[in-house]
Amino acid sequence: MNSSMPVAAGVPPIHFGVHELRTGSADGARADFEQMLAQLASATNPNVRMIAANPGDWGIDAFAGDLGGAITVWQSKYFMPKTTISQSQQIRDSLANGLKAAAANGHTIILWILCVPCSMDGPTAKWWDGWKKRQEKAHGLVIELWDETTLVKKLQSPEGDHVRRAYYEPFTAPAASAQGQTRLVLEVEEGKATALDSALFVRQMTEAGHVELDSAKRQFFNADLVVREVAHKGVPSEVAALSSADATLHGVWEMQFNECSAEGTLPALHGRVWREVRSEHDKLPTLLRLEVTHSWGLAFGREER
């Protein structure tokens, strides 16, 4: 074996019973299987069309060619889980109806393809082989069988792969919603960081003896982005969530400020608020996707907004 040749791996198996699972009924499965066959036929044959019943369908599920001349017909039968001799009459009737409609409407069937999503049992396979030869000789046409084995082969071919993926590949859940994603924490641009030097919360921290203020500016900047985003989108649930978070976090700041003022310990305000915000953070509305950085910025920067 040439090890340099790519080998497909992990392709999900094809289970034709999925048509009934997807549609919830045998009738739905028959229609879904018929739609799939039309797509599969179209993948390798030009100008494949379906016939809508009105009231009959001329014994055609899908066809290629000219209805004023010669056509190829695909006839689907959703037999599950196997095709048995008891269903042979339905097959006979399908071909007979197609030939009758062809004679009445001026077209000729040159290729008739029976499509079933399963295999035939032994007696039925023997009957099919003999019946097929007799009908081909009697009506001057070619008859083919697209059973389970043939359908899988066609669906796994390069031409049919898009049909396989559409009908038989397991459903993949969409990417996590925004609510489940982590909100990014951004760096503050130098110019914006400088502009924040005059902000009230920065002046308060400076007066309280804090020297390093870069992290506080970053926290305010990211919290402000959240506030602006929520206001711009105007989604009622997000607006309400932000209002709730804001009330909680400002309450933390206000309580600690009052206590520090009464105790004469304002230089400790920053650390005490930080610890309280961390404690409250996991209780805030998850809809906002806040990191602790955002929460702290909301607590300390409220007066700036």
Side-chain angles (χ1 to χ4, degrees), residues 6-54 56-64 72-95 97-98 111-129 132 143-177 180:
V7 178
V11 177
I14 295 172
H15 297 293
F16 292 104
V18 74
H19 293 280
E20 188 162 355
L21 291 175
R22 177 164 50 238
T23 61
S25 69
D27 286 341
R30 282 191 286 271
D32 200 47
F33 180 65
E34 184 178 321
Q35 289 280 347
M36 183 280 294
L37 285 173
Q39 294 296 320
L40 184 59
S42 182
T44 54
N45 296 268
N47 304 317
V48 171
R49 290 178 282 169
M50 300 182 73
I51 292 291
N54 186 31
D57 60 7
W58 290 7
I60 299 172
D61 287 332
F63 77 98
T72 294
V73 171
W74 285 265
Q75 177 67 49
S76 69
K77 291 293 181 184
Y78 192 73
F79 298 147
M80 288 291 284
K82 57 182 174 288
T83 303
T84 66
I85 202 69
S86 64
Q87 294 155 326
S88 61
Q89 189 59 50
Q90 294 185 51
I91 298 172
R92 292 189 187 97
D93 291 344
S94 290
L95 178 59
N97 291 337
L111 174 59
W112 190 81
I113 304 171
L114 175 67
C115 306
V116 293
C118 57
S119 299
M120 293 179 173
D121 64 14
T124 311
K126 182 177 181 179
W127 164 82
W128 168 265
D129 290 344
K132 172 181 178 294
I143 296 176
E144 290 184 5
L145 174 65
W146 286 13
D147 62 357
E148 180 180 19
T149 303
T150 302
L151 287 175
V152 168
K153 182 178 179 180
K154 290 182 177 294
L155 285 163
Q156 291 180 340
S157 70
E159 295 80 12
D161 188 62
H162 69 285
V163 182
R164 178 194 63 79
R165 286 185 284 108
Y167 283 89
Y168 304 107
E169 195 159 280
F171 173 72
T172 302
S177 64

- Note, I143 side chain near W128 side chain (heavy atom, < 4.5 Å):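 Yes - at least one pair of side-chain heavy atoms lies under 4.5 Å apart.
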- Message: Any non-hydrogen side-chain atom of T150 less than 4.5 Å from a side-chain atom of L145?
- Response: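 No - every pair of side-chain heavy atoms lies 4.5 Å or more apart.
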Least distance between heavy atoms, [X] atom then [Y] atom:
| X | Y | answer |
| --- | --- | --- |
| A64 | P46 | CB-O, 3.9 Å |
| V48 | A62 | CG1-CB, 4.2 Å |
| A43 | H162 | CB-CE1, 3.8 Å |
| P81 | C118 | O-CB, 3.3 Å |

- Task: Show the numbers, then the answer: is there a side chain to side chain contact (heavy atoms under 4.5 Å, CB included) between L151 and F16?
- Result: CA-CA 10 Å; L151 287 175; F16 292 104; 3.7 Å; yes
- Message: Using the rule given for side chain to side chain contact (heavy atoms under 4.5 Å, CB included), can you reason through M50 versus Q35, listing the C-alpha separation, both sets of side-chain angles and the distance that settles it, and then say yes or no?
- Response: CA-CA 9 Å; M50 300 182 73; Q35 289 280 347; 3.8 Å; yes
- State whether D161 and R164 are salt-bridged, where the test is any N-O pair (Lys NZ or Arg NE/NH1/NH2 against Asp/Glu carboxylate O) under 4.0 Å.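 Counted as a salt bridge, because a side-chain N and a carboxylate O are separated by less than 4.0 Å.
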- Starting from the C-alpha separation in whole Å, work towards a yes-or-no answer on side chain to side chain contact (heavy atoms under 4.5 Å, CB included) for Y168 and M36. CA-CA 10 Å; Y168 304 107; M36 183 280 294; 3.1 Å; yes
Looking at [atom1] of [X] and [atom2] of [Y], how far apart are the two atoms once the value is rounded to the nearest 0.5 Å?
| X | Y | atom1 | atom2 | answer |
| --- | --- | --- | --- | --- |
| Q90 | T83 | CD | OG1 | 10.0 Å |
| H15 | M80 | NE2 | CE | 10.0 Å |
| W74 | I60 | CH2 | CD1 | 11.0 Å |
| L37 | W146 | CG | CH2 | 7.5 Å |
| I91 | F79 | CD1 | CZ | 5.0 Å |
| D27 | E20 | CG | CD | 9.5 Å |

- Query: Between the side chains of S76 and D61, does any donor sit under 3.5 Å from an acceptor?
  - Reply: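 S76 vs D61: donor-acceptor pair found between side chains.
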- Report yes or no: do S94 and K77 form a side-chain donor-acceptor pair below 3.5 Å?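 Yes, a side-chain donor-acceptor pair sits under 3.5 Å.
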Side chain [X], main chain [Y], donor-acceptor under 3.5 Å:
| X | Y | value |
| --- | --- | --- |
| D32 | G28 | no |
| S42 | Q39 | no |
| Q87 | T84 | yes |
| T23 | A29 | yes |

- Task: Could you label the plane-to-plane angle of the H19 and Y167 rings as parallel, tilted or perpendicular, counting under 30° as parallel and over 60° as perpendicular?
- Result: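 Aromatic pair H19/Y167 classed tilted.
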- May I have the step-by-step check of side chain to side chain contact (heavy atoms under 4.5 Å, CB included) for I14 and Q156, ending in yes or no? CA-CA 9 Å; I14 295 172; Q156 291 180 340; 4.3 Å; yes
